[in-house]
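Each chain gets a letter, A, B and so on, in the order its sequence line appears, and its residues count up from 1.
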Amino acid sequence: MEWPRTVDDAVAMQERLRTQVIATSAPDLRINTVAGLDVGYRSNDSVAGVCVVFDAKTLAVLDEVVVEDTTDFPYIAGLFAFREMPVLLRTLDQVTVAPDLLVADGQGLAHPRRFGLACHLGVHTGIPSIGVAKNPMGTFEQPGHARGSMSDLVMDGDNGDEVVGRALRTQDGVKPVFVSVGHKIDLDRACAEVLRLAPRYRLPETTRRADTLTRQVASSG
DNA sequence: GCGACAG
DNA sequence: ATCTTGTCGC
């Protein structure tokens, strides 16, 4: 499979792959290890990809991988994945603990063509995946004030409004995070996993740890 | 044409 | 994404 270099090819690839997404959980889905993936930027084209694997129950770090790379694809909302996928796949190649779930920094189905970064990662690897974004793509009603409160994330679709994800309050009173399915998991389970990964802070430990590692590299090497 | 627009 | 220490508030 050729990695697209133009906007048209990238859009075509998303349109083709979107049919592969499975938005349900296998009956025997067990999540014991979770990987957080993130990319940091030193300059416009110099990137550092990070993959941190956690024990899903204790949140202990089991493995950390950092890969430095360059990128040529520009940032375009909706085509974000083409900028970050190459380096993230390289980090996954080097991980020694197999993750049962991938947590991407961005959207999954909450995407103009229902195929955000989390879907790319899931479909490419076959590993269940979810997207946790700090900002929404779509509209939502403010969830309740308490941790665990949630509301639908909605986008315009072929049949009118479509529920593409959820606004989830991970701590009392904080701004919600935006959770959407990537692949091989259902939305309820995805939200439950995010809550389990965020016992103390707004963002799940996966993205927090991946994020700090990312800027550690950016400033020191 | 204008504004929106994950990281 | 990135610019970034002390500081305001619970």
Side-chain angles (χ1 to χ4, degrees), chain A residues 7 10-11 13-14 17-18 21 36-52 66-91 102-123 129-140 145-147 152-157 162-183 187 190 194 200-204 206-221:
Chain A
V7 167
V11 169
M13 176 177 264
Q14 292 182 330
L17 290 178
R18 62 181 294 180
V21 171
L37 301 116
D38 191 21
V39 175
Y41 298 81
R42 306 183 58 172
S43 67
N44 197 44
D45 56 6
S46 174
V47 299
V50 167
C51 178
V52 184
V66 178
V67 171
E68 296 185 65
D69 201 357
T70 58
T71 180
D72 45 0
F73 210 96
Y75 171 71
I76 302 170
L79 298 180
F80 177 50
F82 296 95
R83 193 164 163 72
E84 301 206 335
M85 275 292 280
V87 67
L88 290 179
L89 291 178
R90 289 184 60 194
T91 67
L102 306 179
V103 179
D105 227 4
Q107 318 288 355
L109 289 176
H111 176 275
R113 287 168 294 281
R114 308 295 180 268
F115 203 77
L117 175 62
C119 301
H120 276 271
L121 283 169
V123 168
S129 65
I130 66 177
V132 180
K134 304 174 196 71
N135 294 293
M137 234 186 192
T139 60
F140 67 101
H145 176 278
R147 162 178 159 90
D152 290 342
L153 182 59
V154 176
M155 290 184 80
D156 186 55
E162 291 177 11
V163 175
V164 296
R166 218 166 266 165
L168 173 65
R169 194 95 66 188
T170 54
Q171 299 295 325
D172 294 356
V174 303
K175 172 181 175 176
V177 298
F178 303 90
V179 180
S180 56
V181 167
H183 191 44
L187 187 52
V194 171
R200 181 158 181 204
Y201 300 104
R202 176 195 175 224
L203 296 178
T206 41
T207 63
R208 280 173 50 80
R209 180 59 191 159
D211 199 65
T212 60
L213 261 187
T214 244
R215 58 185 83 232
Q216 219 171 69
V217 175
S219 62
S220 73

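We find that NE2 of A:H145 is positioned 12 Å from P of C:dC10, with the value rounded to whole Å. When rounded to the nearest whole Å, the span between CG of A:N44 and P of C:dT2 equals 12 Å. In this structure, the CG atom of A:L203 is 15 Å from the C1' atom of C:dA1, given to the nearest Å. Regarding A:F80, its CZ atom lies at a distance of 7 Å from the P atom of B:dG7, rounded to whole Å. Nucleotide C:dA1 holds its C1' atom 8 Å from the CD atom of A:E84, rounded to whole Å. As a whole-Å value, the separation of A:H111 NE2 from B:dA4 C1' is 15 Å. The separation between A:R113 atom CZ and B:dC5 atom C1' is 12 Å, rounded to whole Å. In this structure, A:M85 places its CE atom 19 Å from P of B:dA6, rounding to the nearest Å.
Side chain to side chain, A:T70 and A:D72 fail the donor-acceptor criterion of an N or O pair below 3.5 Å.
A:T71 contributes atom OG1, which lies 8.5 Å from atom CD of A:E84 (distance to the nearest 0.5 angstrom). Distance check, rounded to the nearest 0.5 Å: CZ of A:F115 to CD of A:Q14 gives 7.0 Å. Taking CE of A:M137 as the reference point, atom CD of A:Q107 lies at 6.5 Å (rounded to 0.5 Å). Once rounded to the nearest 0.5 Å, the distance linking CG of A:D211 with CD of A:Q216 reads 11.0 Å.
Stem list for DNA chain C (at least 3 consecutive Watson-Crick or G-U pairs, distances under 3.5 Å) is empty.
Using a 4.0 Å heavy-atom cutoff across all strands shown, A:L79 reaches at least one base atom of the nucleic acid. Within the 4.0 angstrom heavy-atom criterion, no nucleotide atom of any strand lies near A:G131.
A sub-4.0 Å separation between OP1 or OP2 of B:dG7 and a side-chain N or O of A:Y41 is absent. Phosphate proximity of B:dG7 to A:N135: present, with a side-chain N or O under 4.0 Å from OP1 or OP2.
Side-chain contact between A:P176 and A:F178 is present, with heavy atoms from C-beta onward closer than 4.5 Å. Looking at heavy atoms from C-beta onward, A:T170 lies in side-chain contact with A:V194 at the 4.5 angstrom threshold.
Residue ring and nucleobase are not stacked for A:F178 and B:dA6 under a centre distance beneath 5.5 angstrom and an angle between planes beneath 30°.
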